[in-house]
**Q** 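Take this structure first; my questions come after.
In what follows, chains are A, B, ... by sequence order, proteins preceding strands, each numbered from 1.
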Amino acid sequence: MILPPTSEQELLERAYTLAGFTLGELASLQGIDCPADLRREKGWVGMLLESCLGATAGSKPEQDFQDLGIELKSIPVSHTGKPLETTFVCVAPLTGVHGLTWENSHIRNKLSKVLWVPVEGEREIPLAERHVGMPLMWQPSAEEEHQLKADWEELMEFIVLGKVHEISARHGEYLQLRPKAANSKVTTEAYGAKGQPIKTLPRGFYLRTQFTARILARHFMLPESE
DNA sequence: CTATGATCATGC
DNA sequence: GCATGATCATAG
């Protein structure tokens, strides 16, 4: 059990010490068994890093390091350093959204400061042999925040108008809305077209790989297309 | 059910 | 090849 870091600098320093280790090495340091693959434990890498960095385990709907105002995100990357998956941010509110603005939204709070930890994610590499990369402390630039806010407002408009069913993952330039559930039969409450309550699949906000790729590229000075 | 941690697997 | 829609484990 590792105590929570008491400052942003301490957290970042700890994250730097993880760089270069394999997941198998970190798992054994934590006394955790490394699964053969992630098919049945998709969040395993994220949980491992939480434990290595002293994040409080649990499912609190807040930042991982709330005292520091920092969210931890592991991100699977290719050998060229590009994200292999979109990044889940949080569940999307489908009811009780009257008066909700970007400024006071849960998602904005989560993305206000993020410690990104890249991890080799190609399936050809056995899980235990995948390396942890250099961490990156990120805060959205004014431009990035503007882009996220625009997408969020577009998506929330559908939700408020009772048009959840019209939203697909194709909406949103950088932020998208996709299912977030154990399976497609799970339901949660949302607004219908006439304002009546309906049951629908829970959705989550995800950052497109294009967005996270730019964050990593700008920080690590990787070639950026476009 | 909600939340956390995400990646899988198939269709295009 | 890659994005979308579906899915897995766990805690409360």
Side-chain angles (χ1 to χ4, degrees), chain A residues 4 18 23 26-27 30 32-66 70-80 82-97 105-107 109-111 114-128 130 132 151 155 158 164-190 197-213 225-226:
Chain A
L18 302 182
L23 297 180
L26 294 179
Q30 292 297 311
I32 298 172
D33 285 318
C34 182
D37 55 59
L38 297 173
R39 275 181 298 184
R40 303 192 69 81
E41 291 179 72
K42 299 182 181 183
W44 186 81
V45 176
M47 304 291 274
L48 174 66
L49 294 177
E50 280 187 352
S51 125
C52 289
L53 293 171
T56 314
S59 54
K60 298 192 299 292
E62 292 300 334
Q63 293 156 309
D64 294 291
F65 301 96
Q66 199 176 355
I70 297 169
E71 172 74 11
L72 172 66
K73 285 285 171 208
S74 67
I75 182 164
V77 295
S78 70
H79 58 92
T80 56
K82 294 180 64 178
L84 291 169
E85 296 285 350
T86 53
T87 300
F88 170 71
V89 183
C90 63
V91 171
L94 301 182
T95 58
V97 297
S105 67
H106 191 183
I107 184 171
N109 178 248
K110 282 237 174 184
L111 294 177
V114 178
L115 176 64
W116 298 96
V117 181
V119 177
E120 288 180 330
E122 277 154 344
R123 296 188 203 177
E124 292 70 31
I125 310 174
L127 187 58
R130 297 182 194 175
V132 174
D151 286 338
L155 295 168
F158 280 91
V164 190
H165 294 293
E166 294 181 26
I167 307 176
S168 85
R170 294 169 191 81
H171 290 88
E173 194 173 359
Y174 301 104
L175 189 69
Q176 59 178 181
L177 197 71
R178 305 219 307 275
K180 172 59 176 171
N183 57 62
S184 56
K185 297 178 180 64
V186 175
T187 62
T188 192
E189 198 162 271
I198 62 166
K199 286 294 191 177
T200 191
L201 190 57
R203 318 297 167 97
F205 287 117
Y206 295 80
L207 296 174
R208 293 185 183 279
T209 54
Q210 176 191 155
F211 187 81
T212 51
S225 45
E226 291 179 63

**Q** Could you give the CG-to-P distance, from Asn109(A) to dA3(B), as a whole number of Å?
**A** 15 Å

**Q** Using heavy-atom distances to pick each residue's nearest nucleotide on DNA chain B, tell me which of Pro61(A) and Ile75(A) is more 5'.
**A** Pro61(A)

**Q** What is the distance, rounded to the nearest whole Å, between atom NE2 of His171(A) and atom P of dA3(C)?
**A** 18 Å

**Q** Has the side chain of Gln63(A) got a donor or acceptor atom that lies under 3.5 Å from a matching backbone atom of Asn109(A)?
**A** yes

**Q** Is Lys110(A) close enough to dG5(B) that one of its side-chain N or O atoms is under 4.0 Å from OP1 or OP2 there?
**A** yes

**Q** Between Thr95(A) and Glu189(A), is there a side-chain donor-acceptor contact under 3.5 Å, judged purely by atom types and distance?
**A** no

**Q** Check this one for me: any side-chain N or O of Gln176(A) less than 4.0 Å away from OP1 or OP2 of dA3(C)?
**A** no

**Q** Would you please classify the geometry between the His171(A) ring and the Phe158(A) ring as parallel, tilted or perpendicular, with 30° and 60° separating the classes?
**A** perpendicular

**Q** Is it the case that more than 12 heavy atoms not belonging to Asp33(A) sit under 6.0 Å from its CG atom?
**A** no

**Q** When the distance from CD of Glu50(A) to C1' of dA3(B) is rounded to whole Å, what number comes out?
**A** 12 Å

**Q** Can any side-chain N or O of Arg208(A) pair as donor or acceptor with the backbone N or O of Gly172(A) at less than 3.5 Å?
**A** yes

**Q** Can you build the contact string for nucleotides 5-12 of chain C? Use B for base contact, S for sugar-phosphate-only contact, and - for no protein heavy atom under 4.0 Å.
**A** BBBBS-B-

**Q** Drop me the distance from Lys73(A)'s NZ to Leu111(A)'s CG, to the nearest 0.5 angstrom.
**A** 8.0 Å

**Q** Can you check the Leu38(A) CG to dA9(B) P distance for me, whole Å?
**A** 11 Å

**Q** May I have the distance from Glu71(A) (atom CD) to dA3(B) (atom P), rounded to whole angstrom?
**A** 14 Å

**Q** Write down the distance between CG (Leu49(A)) and C1' (dT4(B)), rounded to a whole number of angstrom.
**A** 15 Å

**Q** Atom NE2 of His106(A) to atom P of dA3(B): distance rounded to whole Å?
**A** 9 Å

**Q** State whether the side chain of Arg203(A) and the backbone N or O of Leu201(A) hold a donor-acceptor pair below 3.5 Å, judged by distance alone.
**A** yes

**Q** Want to settle it: does Glu62(A) or Thr87(A) sit nearer the 5' end of DNA chain B, counting the closest nucleotide to each?
**A** Glu62(A)

**Q** Between Phe88(A) (CZ) and dC8(B) (P), how many Å, whole number?
**A** 17 Å

